[in-house]
Colleague: 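Take a look at the following structure, please.
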Amino acid sequence: MRIKLTTAKRALLGSAAMAIMLAGGPGWAEDKKPIPDDPKISHGGSPADRYEPSMTTLAEIQVQIPGRKDGDPVMTQEEFQTGTKIYFERCAGCHGVLRKGATGKPLTPDLTREYGYDHLHSFITYGSPAGMPNWGTSGELSEEQVDLMARYLLLEPPAPPEFGMPEMLESWKVIVAPEDRPTKKMNDIDIENLMSVTLRDAGEIALIDGDTYEIREVIKTGYAVHISRISASGRYLFVIGRDARVNMIDLWMEHPSTVAEIKIGMEARSVETSKMEGWEDKYAIAGAYWPPQYVIMDGDTLEPKKIVSTRGNIYDEQTYHPEPRVAAILSSHYRPEFIVNVKETGKILLVDYTDLKNLKTTEIEAERFLHDGGLDSTHRYFITAANARGKLVVIDTKEGKLTAITETGGQTPHPGRGANFVHPDYGPVWATSHLGDESVALIGTDPEGHPEQAWKIVDSFYALGGGSLFIKTHPNSENLYVDAPLNPDAETSASVAVFKISDMKQGVEPEFVTLPIGEWAGIADGQPRVVQPEFNKNGTEVWFSVWNAKDKESAIVVVDDKTLELKQVIKDPRLITPTGKFNVLNTQKDVY
Ligand code: DHE
């Protein structure tokens with residue numbers, strides 16, 4: 001069954017969603033209850049609120065009250081520990097680990113003492129129009145917790161531990177040495193069509209055979225595992241958990257499994273490997289949220305070679321930021337360089353890995369709050385979202401220079417790696433959807449053939465609703481898929497919009513069909529969200545995660561890209577909270 005939405009229904013869904021989002025608080029209508037057990041709910045009600053980072057690993061560390069002074073509020077060690085846990089899980093994503101501010105305001109004691117207890121108490125209780133969630137009135141924090149947090153913020157923040165070479169070396173394990181690994185592929189899997197699926201709350205990945213839909217392996221990885229990336233040769237799979245544990249998996253083994261692992265910090269989100277010709281599989285790199293740093297590792301063993309801190313000055317204000325997090329990392333195809341997004345200082349680093357002893361880095365002034373992004377179809381340009389600023393930044397990876405910074409016109413662009421296709425009127429474009437509204441924006445990517453359109457937003461149109469995280473197409477596909485997993489409406493968050501690329505026309509709002517993926521999964525219990533379209537290697541099928549609470553059934557739904565009909569529902573008790581999916585060939589070759 002397929003539903004086609006009328007423009008009126010679309011408008012209604014869009015505006016209802018926006019009304020709820022703009023209200024700032026949870027604002028869940030009775031029939032649209034938050035999805036139970038969802039960690040993101042703890043950040044408040046709007047899609048953007050719910051997408052703020054949780055420093056869940058830092059939340060577990062043991063801290064001491066920093067030297068109490070006369071006049072400090074009385075707080076027991078136990079209360080301080082509880083306050084720290086709540087702070088790292090719910091506040092640090094916006095206000096920073098050290099409370100020096102990020103997308104949210106700084107909350108250092110010099111400021112909080114000026115505000116005073118009563119002000120802090122009501123701020124936490126009622127929130128603010130600027131985006132602070134109403135923790136108290138929404139019931140997210142109890143009256144006791146609001147009181148505790150108002151007192152906690154008057155104290156000096158605890159400093160979480162650093163994580164340098166001794167800690168990394170201590171965590172580093174080579175489980176199968178390179179010389180003991182197979183010299184040829186020892187299994188019958190079509191590795192190029194293998195899908196590495198994040199099982200978020202299980203701290204595992206599932207390797208699913210793209211030909212047979214069979215789960216070939218389930219492999220233990222880091223906590224709240226986040227993304228997978230593939231080495232240039234396609235042999236090694238790298239997986240990173242939010243606890244900053246990197247697993248290196250050898251896909252040639254009879255039963256693919258971890259051959260090396262390391263922890264590169266306390267909180268992390270990104271991992272990548274060297275892809276430049278002549279440097280294939282030589283190095284791996286991972287970026288951390290805490291401590292703010294990236295580390296370059298040996299591509300065969302994960303031996304840590306070089307740790308580089310990202311602490312430094314914000315690109316425009318030129319004031320010091322103590323904790324600029326490392327967001328997306330990509331590998332250049334034009335130079336032996338890693339492309340590293342540094343979120344809070346708004347810098348993109350091009351890290352030359354040819355000589356780690358004499359490390360050369362090009363530091364590009366971009367925009368603050370860099371998040372995710374991908375390459376254009378030629379792989380020359382890196383396009384990335386400074387999402388809290390509503391902008392796209394374009395880097396020329398061949399020349400090593402900033403090319404453009406463009407407003408998308410939407411709120412909080414969130415492209416994943418984005419989607420490249422040839423628009424019938426505008427030529428080659430790259431697309432992003434948005435977290436904060438229902439729009440999809442297309443940016444022209446062909447400065448040679450279409451110089452008028454290059455690096456401008458050439459079109460913007462409506463998809464299902466706000467709360468989109470990922471958008472995808474494939475060179476062999478005629479379709480553009482847009483999800484909306486963080487939309488407050490349960491039906492919308494379980495559906496996907498599909499646009500026919502050849503029907504797109506200048507000046508005409510494109511129609512889309514809505515695929516009820518959640519309904520197709522046939523899950524009776526819970527309110528699963530549908531997240532992250534990912535193609536198989538030939539671009540003939542697109543896979544969706546039907547992401548339910550961890551104690552409820554989830555699924556992967558496979559759709560035939562030509563007919564848009566259901567092809568397969570993959571269910572298995574081991575598929576706990578599936579989210580990201582990474583086809584080996586598409587990820588290895590940066591095809592999206
Ligand atoms: Fe992600 C990519 C950070 C929450 C699924 N996510 C990324 C990247 C970053 C990031 C920096 C880019 C990595 C790269 O390319 O090197 N993600 C964050 C957060 O800080 C945030 C907002 C909150 C947090 O506490 O982690 C966050 N992410 C989520 C989720 O809740 C998602 C939807 C489900 C999950 O598994 O956790 C999620 N993020 C993903 C996925 C990608 C990703 C699937 C890779 C997309 C791709 O196609 O490459």
Side-chain angles (χ1 to χ4, degrees), residues 35 38-43 47-59 88-90 92-94 102-103 196-205 221-230 238-244 267-273 285-290 294 325-331 338-343 369-375 382 384-385 387-388 412 414-419 435 467-472 481 483-486 493 529-535 543-545 547 550 554 576-583 586-587 590-592:
I35 295 157
D38 190 302
K40 294 291 145 215
I41 293 301
S42 63
H43 278 106
D49 287 344
R50 281 183 280 128
Y51 204 57
E52 291 299 345
S54 275
M55 304 288 178
T56 39
T57 310
L58 281 184
F88 284 146
E89 282 177 356
R90 301 180 175 207
C94 290
T103 48
S196 172
V197 179
T198 295
L199 303 178
R200 189 187 193 277
D201 296 357
E204 294 171 342
I205 54 142
T221 59
Y223 169 82
V225 53
H226 199 204
I227 65 162
S228 296
R229 295 291 187 237
I230 316 288
F238 294 84
V239 182
I240 191 149
R242 281 182 172 74
D243 58 355
E267 283 279 345
R269 302 292 184 272
S270 48
V271 66
E272 182 55 294
T273 82
I285 180 172
Y289 272 15
W290 187 270
Y294 62 84
R325 293 173 267 197
V326 176
I329 303 183
L330 274 87
S331 200
F338 291 121
I339 309 162
V340 179
N341 270 357
V342 187
K343 198 184 267 279
F369 311 118
L370 296 163
H371 192 68
D372 52 356
L375 301 170
F382 172 53
T384 184
N387 56 11
T412 327
H414 192 285
R417 287 168 285 170
L435 187 51
S468 175
L469 293 179
F470 301 107
I471 184 164
K472 196 59 68 77
Y481 296 82
D483 70 8
L486 296 186
S493 73
R529 301 152 194 265
V530 169
V531 69
Q532 208 235 9
E534 176 79 357
F535 275 87
W543 294 35
F544 299 92
S545 300
W547 173 21
K550 62 171 178 280
S554 289
I576 297 163
T577 58
T579 55
K581 298 162 300 307
F582 305 89
N583 164 267
N586 295 333
T587 311
D590 290 300
V591 176
Y592 36 79

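Hydrogens, waters and symmetry mates play no part in the numbers below; they use all other heavy atoms, side chains included. Whatever order the structure lists ligands and atoms in, that order sets their numbers, starting from 1.
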Colleague: Can an N or O of Ile329 be found at a distance shorter than 3.5 Å from an N or O of ligand 1?
Modeller: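 Yes, Ile329 has an N/O under 3.5 Å of an N/O on ligand 1.
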Colleague: State, with a plain yes or no, whether a side-chain heavy atom of Phe338 is found less than 4.5 Å away from one of Tyr294.
Modeller: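 The answer is no, as the side chains (C-beta and beyond) never meet within the 4.5 Å cut-off.
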Colleague: Provide the closest heavy-atom pair for Ala327 versus Lys343 in the form atom of the first, atom of the second, distance.
Modeller: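 The pair with the smallest heavy-atom distance is CB-CE, 4.3 Å.
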Colleague: Testing the basics here: between Asp243 and Gly222, what is the closest heavy-atom pair and its distance to 0.1 Å?
Modeller: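 Smallest interatomic distance, heavy atoms only, reads OD1-CA, 3.5 Å.
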Colleague: I need the atoms of ligand 1 closer than 4.0 Å to a non-hydrogen atom of Arg417, numbered in the order shown.
Modeller: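 The atoms of ligand 1 under 4.0 Å from a heavy atom of Arg417 are 47 (C), 48 (O), 49 (O).
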Colleague: Mind checking whether Arg269 and Ile227 have side chains closer than 4.5 Å, heavy atoms only?
Modeller: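 They are not in contact (no side-chain heavy atoms under 4.5 Å apart), so the answer is no.
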Colleague: May I ask you to check if ligand 1 and Thr579 share an N or O to N or O distance below 3.5 Å?
Modeller: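 Indeed, backbone or side chain, Thr579 has an N or O that close.
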Colleague: Suppose I only count heavy atoms of Ala327 and a 4.0 Å limit; which atoms of ligand 1 are within that range?
Modeller: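 Close to Ala327: 11 (C).
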Colleague: Which pair of heavy atoms, one from Thr577 and one from Asp201, lies closest together, and at what distance?
Modeller: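 Taking every non-hydrogen atom into account, OG1-N, 2.7 Å.
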Colleague: How far apart are the closest heavy atoms of Ser545 and Pro578, and which atoms are they?
Modeller: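 Taking Ser545 first and Pro578 second, the nearest heavy atoms are CB-O, 3.4 Å.
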Colleague: Below a 4.0 angstrom heavy-atom separation, can you tell me which part of Tyr289, side chain or backbone, both or neither, approaches ligand 1?
Modeller: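 The answer is the side chain of Tyr289.
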Colleague: Out of Arg242, Met55, Glu52, who gets a non-hydrogen atom closest to atom 37 (O) of ligand 1?
Modeller: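 Among Arg242, Met55, Glu52, the closest heavy atom to atom 37 (O) of ligand 1 comes from Arg242.
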Colleague: Against ligand 1, does Arg229 come closer than 4.0 Å with any heavy atom?
Modeller: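 Arg229 counts as a contact of ligand 1 under the 4.0 Å cut-off.
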Colleague: Any idea which atoms of ligand 1 are less than 4.0 Å away from a heavy-atom of Ala328?
Modeller: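 Counting atoms of ligand 1 from 1, those under 4.0 Å from Ala328 are 11 (C), 12 (C), 13 (C), 14 (C), 15 (O), 16 (O).
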Colleague: Name the orientation class of the two ring planes belonging to Phe470 and His414 (parallel below 30°, tilted from 30 to 60°, perpendicular beyond 60°).
Modeller: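 The arrangement is perpendicular - the two ring planes meet at more than 60°.
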Colleague: What I want to know is whether Arg200 and ligand 1 share at least one N or O pair that is separated by under 3.5 angstrom.
Modeller: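 By distance alone, the answer is yes.
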Colleague: Can you name the closest pair of heavy atoms from Thr587 and Ser228 and give their distance?
Modeller: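 What the structure gives for the nearest pair is CG2-O, 4.1 Å.
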Colleague: Report yes or no: does a heavy atom of Phe470 sit under 4.0 Å from some atom of ligand 1?
Modeller: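 True for this residue.
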Colleague: Give the atoms of ligand 1, by number and element, whose distance to some non-hydrogen atom of Ile227 is under 4.0 Å.
Modeller: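 Answer for ligand 1: 2 (C), 13 (C), 14 (C), 16 (O), 42 (C), 43 (C), 45 (C).
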Colleague: Looking at Phe238, is Arg229 sitting on its ring face, NZ or CZ under 6.0 Å from the six-membered ring centre and within 45 degrees of the normal?
Modeller: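 Relative to the ring axis of Phe238, which defines the angle, Arg229 lies outside at least one limit.
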Colleague: Which of the numbered atoms in ligand 1 are under 4.0 angstrom from any heavy atom belonging to Gly580?
Modeller: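 The list of qualifying atoms is 44 (C).
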Colleague: Number the atoms of ligand 1 from 1 as they appear, then name those within less than 4.0 Å of a heavy atom of Leu469, with their elements.
Modeller: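 Those of ligand 1 that fall under 4.0 Å from Leu469 are 33 (C).
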Colleague: Which of the atoms of ligand 1 are close to Pro53, meaning less than 4.0 Å from one of its heavy atoms?
Modeller: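 Taking each heavy atom of Pro53 in turn, ligand 1 has 20 (O), 23 (C), 24 (C), 25 (O) under 4.0 Å.
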